[in-house]
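One structure is given below, encoded as structure tokens.
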2 protein chains.
Amino acid sequence: MANKVQPIERCDCDVIHEDIVKQVKNKMPQEETLYDLAELFKVFGDSTRIKILWALDEAEMCVCDIAFLLNMTQSAVSHQLRVLKQADLVKNRRAGKIVFYSLDDEHVKQIFNQGLTHILELREDQ
Amino acid sequence: MANKVQPIERCDCDVIHEDIVKQVKNKMPQEETLYDLAELFKVFGDSTRIKILWALDEAEMCVCDIAFLLNMTQSAVSHQLRVLKQADLVKNRRAGKIVFYSLDDEHVKQIFNQGLTHILELREDQ
DNA sequence: CAAATAAATGAATAATTGTTCATATGTTCA
DNA sequence: TGAACATATGAACAATTATTCATTTATTTG
């Protein structure tokens with residue numbers, strides 16, 4: 001992941017397109033922003049986490065409810081909930097022994113919907 | 001990745017929340033849809049690909065332009081462009097020796113923006 | 001046709017990651 | 001207090017993946 005600075009030799013066509021490249025470079029967001037964006041989507045890029053988020057969008061649930069719903073071990077679910085929590089996508093509250101998780105972001109459903117739109121369009125095309 | 005069917009033992013709290021779990025289960029989208037959704041976000045979950053998509057949203061570009069812009073080898077860029085093409089996020093056209101890539105989806109920017117909104121809100125909170 | 005250029009591809013490698021297993025922590029209640 | 005339950009956590013392992021390097025394919029042009 002460490003971005004070593006290695007000079008890439010330009011090919012001839014770059015000289016021709018130099019203006020475009022320079023223009024795009026200026027318009028690009030900060031390196032850090034793009035990195036954070038990728039990190040966020042990485043969290044969405046696992047079907048277990050997608051399922052958990054989708055479930056929590058329907059209802060607040062405890063860890064073992066989720067584990068049963070998804071037919072997964074409590075441990076696996078717990079690990080993934082930690083990832084989701086670190087990404088500030090879910091929050092939790094403790095009620096005695098039980099810890100309830102719920103969504104902590106209003107955009108989750110909107111991000112899902114944008115993705116779904118893409119997927120459904122592709123299916124139509126086939 | 002192969003989802004072995006292993007029976008997960010229900011804990012006591014599941015019995016209590018049985019109705020909720022059953023209700024959520026019914027409302028969940030198809031397994032395949034959630035899987036496809038995760039696969040799509042996985043493509044967005046890499047900063048190199050995010051950068052490429054962002055660049056292509058600004059302008060159509062050839063492979064070596066992108067390589068120069070991102071300071072990466074032609075090969076690395078080419079490999080990632082293949083991933084993006086397989087996900088139907090970019091398309092290409094050949095003009096002689098040069099292959100130009102461009103976005104093949106109107107939702108890319110919208111998906112970016114949803115993600116950005118989340119990130120920027122988090123930054124404000126700190 | 002041969003040389004040169006742009007891009008694609010396959011194998012190899014290093015790094016990351018999701019799950020499992022064993023165990024620890026925190027809470028309730030008899 | 002101790003047993004039982006719900007959850008969290010750390011180590012280990014298998015699987016996936018991003019990049020590099022070497023090579024191939026496709027195209028132009030001298």
Side-chain angles (χ1 to χ4, degrees), chain A residues 1-17 35 38-39 41-52 61-68 70-87 90-101, chain B residues 1-17 35 38-39 41-52 61-68 70-87 90-101:
Chain A
M1 239 12 157
N3 242 0
K4 289 275 179 56
V5 180
Q6 55 182 160
I8 300 289
E9 219 166 311
R10 296 190 86 166
C11 55
D12 293 352
C13 84
D14 273 326
V15 180
I16 305 166
H17 310 137
Y35 184 79
E39 287 302 302
F41 287 126
K42 205 173 282 179
V43 176
F44 284 90
D46 174 80
S47 56
T48 295
R49 289 192 292 263
I50 287 275
K51 286 175 195 169
I52 293 176
M61 291 169 79
C62 71
V63 179
C64 69
D65 279 344
I66 300 171
F68 177 74
L70 306 183
N71 196 42
M72 293 180 63
T73 64
Q74 171 269 320
S75 179
V77 171
S78 189
H79 277 298
Q80 294 302 353
L81 283 168
R82 185 159 48 82
V83 174
L84 292 170
K85 186 132 189 283
Q86 277 169 352
V90 305
K91 59 176 184 279
N92 59 10
R93 68 179 177 87
R94 184 177 268 277
K97 288 181 292 187
I98 301 175
V99 177
F100 287 97
Y101 280 83
Chain B
M1 244 359 161
N3 240 358
K4 288 274 178 57
V5 180
Q6 56 182 161
I8 300 288
E9 220 166 312
R10 298 189 85 167
C11 56
D12 292 352
C13 83
D14 275 323
V15 179
I16 305 167
H17 310 136
Y35 184 79
E39 287 303 303
F41 287 125
K42 208 173 283 181
V43 175
F44 284 89
D46 175 81
S47 57
T48 296
R49 289 192 293 265
I50 286 275
K51 286 176 195 168
I52 292 176
M61 292 170 80
C62 72
V63 179
C64 69
D65 279 344
I66 300 169
F68 177 74
L70 305 183
N71 196 42
M72 293 180 63
T73 65
Q74 172 269 320
S75 179
V77 170
S78 190
H79 278 297
Q80 295 301 353
L81 283 169
R82 185 160 46 82
V83 175
L84 292 170
K85 187 131 186 284
Q86 278 168 351
V90 305
K91 59 176 184 279
N92 58 10
R93 69 179 175 88
R94 184 177 270 279
K97 288 181 291 188
I98 300 175
V99 177
F100 286 98
Y101 279 83

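All values below were derived from every heavy atom in this structure, side-chain atoms included, with hydrogens, water molecules and symmetry-related copies excluded. Numbered from 1 within each chain, the chains take letters A, B, ... in sequence-line order.
- Residues A:V83 and A:A95 each lie close to DNA chain C; by heavy-atom proximity, the contact nearer the 5' end of the strand is made by A:V83.
- Considering only side-chain N and O atoms, A:T73 lies nowhere under 4.0 angstrom from the phosphate OP1 or OP2 of C:dT19.
- Atom-to-atom, CG of B:D46 to P of C:dT16 comes out at 13 Å; the value is rounded to the nearest Å.
- Across the protein-nucleic acid pair, A:K42 atom NZ and C:dA15 atom C1' stand 11 Å apart, rounded to whole Å.
- Note: CZ (B:R93) to C1' (D:dT27) measures 15 Å, nearest angstrom.
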(message) Please encode protein proximity along nucleotides 7-13 of chain D as a string of B, S and -, counting only heavy-atom distances under 4.0 Å.
(response) BBBB---

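- In this structure, B:F41 and A:F41 have parallel ring planes: the angle between them is below the 30° cut-off, well short of the 60° mark.
- Summarising the geometry, the separation between CD on B:E39 and P on D:dT17 is reported as 7 Å, rounded to the nearest angstrom.
- The nearest whole Å value for the distance from the CZ atom in A:F41 to the P atom in C:dT16 is 22 Å.
- Per the geometry, CZ belonging to A:R49 stands 15 Å off P belonging to C:dT16, to the nearest Å.
- The distance between atom CD of A:Q80 and atom P of C:dT17, rounded to the nearest whole Å, is 11 Å.
- With contacts defined as side-chain heavy-atom distances shorter than 4.5 Å, the pair B:V83/B:Q80 qualifies.
- B:R49 places no side-chain N or O within 3.5 Å of a backbone atom of A:A38 that could act as its donor or acceptor partner.
- Contact annotation: the side chain of A:L81 approaches that of A:I66 to within less than 4.5 Å [non-hydrogen atoms, C-beta and beyond].
- Annotation: side-chain hydrogen bond (donor to acceptor under 3.5 Å, both in side chains) contacts of B:R94 (sequence neighbours excluded): none.
- The interatomic distance linking B:L84 (CG) with C:dA8 (C1') rounds to 15 Å, in whole Å.
- To the nearest 0.5 angstrom, B:Y35 atom OH is 12.5 Å from A:I50 atom CD1.
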